[in-house]
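Notes for the one structure printed next.
What's counted below: heavy atoms across the whole structure, side chains too, no hydrogens, waters or symmetry copies. Just so it is clear, the structure is predicted and the values come from calculations on it, not from any experiment. In what follows, chains are A, B, ... by sequence order, proteins preceding strands, each numbered from 1.
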There are 2 protein chains.
Amino acid sequence: MEKIPTIKDIAKRLKISASTVSRALHGHPSIGLVTTMRVNKVASELNYLPNKAAVSFKQRKTFTIGVILPDFSEAFFASALSGIEDYASKKNYNVFVGQSLESPEKESSILETMTNHRLDGIIISLSKNTKNFEVFEQLRKYKIPVVFFDRIPGIEDIHYSACNLQPGMLQAVDYLIEKGHRNIGLINGPTQLEASKERLDSYKTALDKYGIKINDDLIVSSDLSSIQNQYAMRRLLSLPQKPTAVIAFNDYVARDAMAVVKNNNLIVNHDISFISFANLPIWSFMDSLPLASIEQFPKEQGIKAAEILFELIDSQVEETTSAPVYHRALFDASMVSYRVNSVA
Amino acid sequence: MEKIPTIKDIAKRLKISASTVSRALHGHPSIGLVTTMRVNKVASELNYLPNKAAVSFKQRKTFTIGVILPDFSEAFFASALSGIEDYASKKNYNVFVGQSLESPEKESSILETMTNHRLDGIIISLSKNTKNFEVFEQLRKYKIPVVFFDRIPGIEDIHYSACNLQPGMLQAVDYLIEKGHRNIGLINGPTQLEASKERLDSYKTALDKYGIKINDDLIVSSDLSSIQNQYAMRRLLSLPQKPTAVIAFNDYVARDAMAVVKNNNLIVNHDISFISFANLPIWSFMDSLPLASIEQFPKEQGIKAAEILFELIDSQVEETTSAPVYHRALFDASMVSYRVNSVA
DNA sequence: TTGTATGCGTTATCAC
DNA sequence: GTGATAACGCATACAA
């Protein structure tokens, strides 16, 4: 029965004190070269590994950040997580994760666990239905900085990394107008979602810019379930003034809407053109794509969130009494158009 | 400057001992009901949250598992991670993550960090080039159980959750044979990869079963880069006896190979049919798909890995001296065929 | 039913 | 240069 070695074991073997071992292991200058070398030798002989659980406890610092996302299996969040992990590991930080699966209860329970663990910081993308922000008060008390990512709350005084949809939306409308479209529909997400509000705003602003009057019938929303996505498209098709182009909340919505269009014997991107906010890794040579996507750069956005978080973590030490600065990173979404397919 | 409350603070406020508080907080039966209630009341007044860093340290148990995967942004691994996290959270465990990004060095550094943190268990999908298994010896010494996932080492005495490709491959070849194919190519991954060996084996076994002689020219491999994927396909096209069907290592390979076929003015799934091992979330209505996919069920496979890991963690307490049992979960891959597209 | 004492592994503050 | 000692927050064996 092998015992897990500690600095004490090393100390005993060398008949020196534990503190000397600790210092030697950290290359402390006050320790003699010989001692340092002997300590390191014994350490590797014993396969000594420092107990980070003990260190975290002692230092009140875990060198770990938490990442809470709705669903890791969604391409958008998966990329983000990948970017965040990569950045954190370069900073020699570890990553703790949690999936809210769109449940506010699970979300706050994860937040509490992360607080319990005294993580050094948290990046979170809110669940769709989060309304209660009490938990975040806790975090402030425990001095755990939080950076919101993509799905940000409608609150002032927060740090976030998100995407400014306006530029992409302008490009998209620009593109559609140039192709002669005037009836441009919008299939949006749930109205209470910040992302939906943004899309709607940018849609209105863009149409405004081109002097097109907003037709409320052309704006429909869905809870993002497949059924409602399809129902939303059917409502648009039932209008006396059918849209000739549709901007979809995301690729999943576009997929469902395009399916409806096909089922109605209309031709995608011919009878009705599609542009969507990109979520999926799209194969550039596929035939049934939206005409274009509005790209949001999840990985870059995630990395930016990590950058902000580490800025907060690093600056926290100084503990200035001056007014806090809120970091806000806004990417410009931009449109990427695909090869236009001639569908026979 | 608010101080973070500890059990001592609660104890002081109530003029009782810290141990009483500790026990009350855990609902220990020996503590009187009144005391317990008073303690809980003060705890919530102070917004007390137990310091898990301290608990982990004290209990030598972190209630945290580690998950190491090559790349979170790949759909296959993303699904797996999602499944694992979901399972772990239901067991009230936390999840620590690391991405090897196919670097054996980063992989073993992550493993070391996880050992330092004294995680309760680890699920790992090996990087492509991992050859050194010393780190895993460390883990044994530190009594951290390991479950290999999908990319498993060619070693005995391990626990794993993986996928048995044979059934899916048989179905695929079956399907192709029935459609009249006899020249079936295989674009495989790097030869040293276990996954490649498996695919090759199952390919040979399947052809054997149908009495088709193996033609080594029809078997090419790629390092899974886009360029080599394409190059592999070109080699197949340059054969005097071109294949009429190709089985691809995964969807990415299929994508690149199909692109080559298109560029040569051949028609996908008409001149050359494709079947691939599924990695991507495929839109069921897209036009340029492989004919069929061999499904590997990443989420279910991940959950199975988690199940095994928790079995190990739970049984570890008993610490029997009997011979260890190695848990091996093998899913049967199975073929899913898509709508056959008539490409004009 | 509750309190006291101890220790988990490490680092930091003193001494020498 | 090095050693002794305390402390981090909590849980538990032992006392009372």
Contact span of DNA chain C against chain A, any nucleotide atom under 4.0 Å from a heavy atom, 5' to 3', runs C:dC8 to C:dT13
To the nearest 10 degrees, the angle between the two end axes of the helix from C:dT1-D:dA16 to C:dC16-D:dG1 (five pairs per end) comes to 40°
By side chain to side chain donor-acceptor pair (under 3.5 Å), A:Glu307 pairs with (sequence neighbours left out) A:Lys304
- Item | Check: A:Ser82 side chain, A:Ala78 main-chain N or O, donor-acceptor pair, under 3.5 Å | no
Contacts satisfying ring-ring contact (aromatic ring centres under 6.0 Å, His included) that involve residues 89-119 of chain A (not counting sequence neighbours) are A:Phe63-A:Tyr93, A:Tyr93-A:Phe310, A:Phe96-A:His117, A:Phe96-B:Phe96
Worksheet item: Is any side-chain N of the basic residue among B:Asp86 and B:Lys90 closer than 4.0 Å to the acidic one's carboxylate O?
Response: yes
One should read off an interatomic distance between B:Ile110 CD1 and B:Ile124 CD1, to the nearest 0.5 angstrom, of 8.0 Å
Checking all strands, does B:Ser19 fall into the base, sugar-phosphate, or nothing category for heavy-atom contacts under 4.0 angstrom? base
Here the distance between atom P of D:dG9 and atom OH of B:Tyr48, to the nearest Å, is 10 Å
Whole-Å distance, B:Lys8 NZ to D:dA11 P, equals 13 Å
query = With the threshold set at 4.0 Å, does a side-chain nitrogen-carboxylate oxygen contact exist between B:Asp157 and B:Arg140?
reply = no
Tell me yes or no: between the side chains of B:Ser89 and A:Gln99, is some donor less than 3.5 Å from an acceptor?
-> no
>> Check this one for me: any side-chain N or O of B:Thr6 less than 4.0 Å away from OP1 or OP2 of D:dG9?
In response: no
Checking A:Thr62, A:Thr64, A:Asn94 against A:Asp120 for side-chain hydrogen bond (donor to acceptor under 3.5 Å, both in side chains), the one that qualifies is A:Thr62
ask   = Is there side-chain contact between A:His159 and A:Glu311, with heavy atoms separated by less than 4.5 Å?
value = no
Can a salt bridge be assigned to the pair A:Lys41 and A:Glu45 using a cut-off of 4.0 Å between side-chain N and carboxylate O? yes
query = Do A:Ser127 and A:Asn129 get their side chains close enough for a donor-acceptor pair, meaning under 3.5 Å?
reply = no
*Any donor-acceptor pair under 3.5 Å linking the side chain of B:Ser22 with the backbone of B:Ala18?*
no
Within residues 55-62 of chain B, the residues having a heavy atom closer than 4.0 Å to DNA chain C are B:Phe57, B:Lys58, B:Arg60
From CD1 of A:Ile16 across to P of D:dA4 the rounded distance in Å is 11 Å
Per the under-4.0 Å heavy-atom filter, residues of residues 20-39 of chain B near DNA chain D come out as B:Ser22, B:Arg23, B:His26
Partner of B:Phe148 under ring-ring contact (aromatic ring centres under 6.0 Å, His included), picked from B:Tyr160, B:Phe133, B:Phe136, is B:Phe136
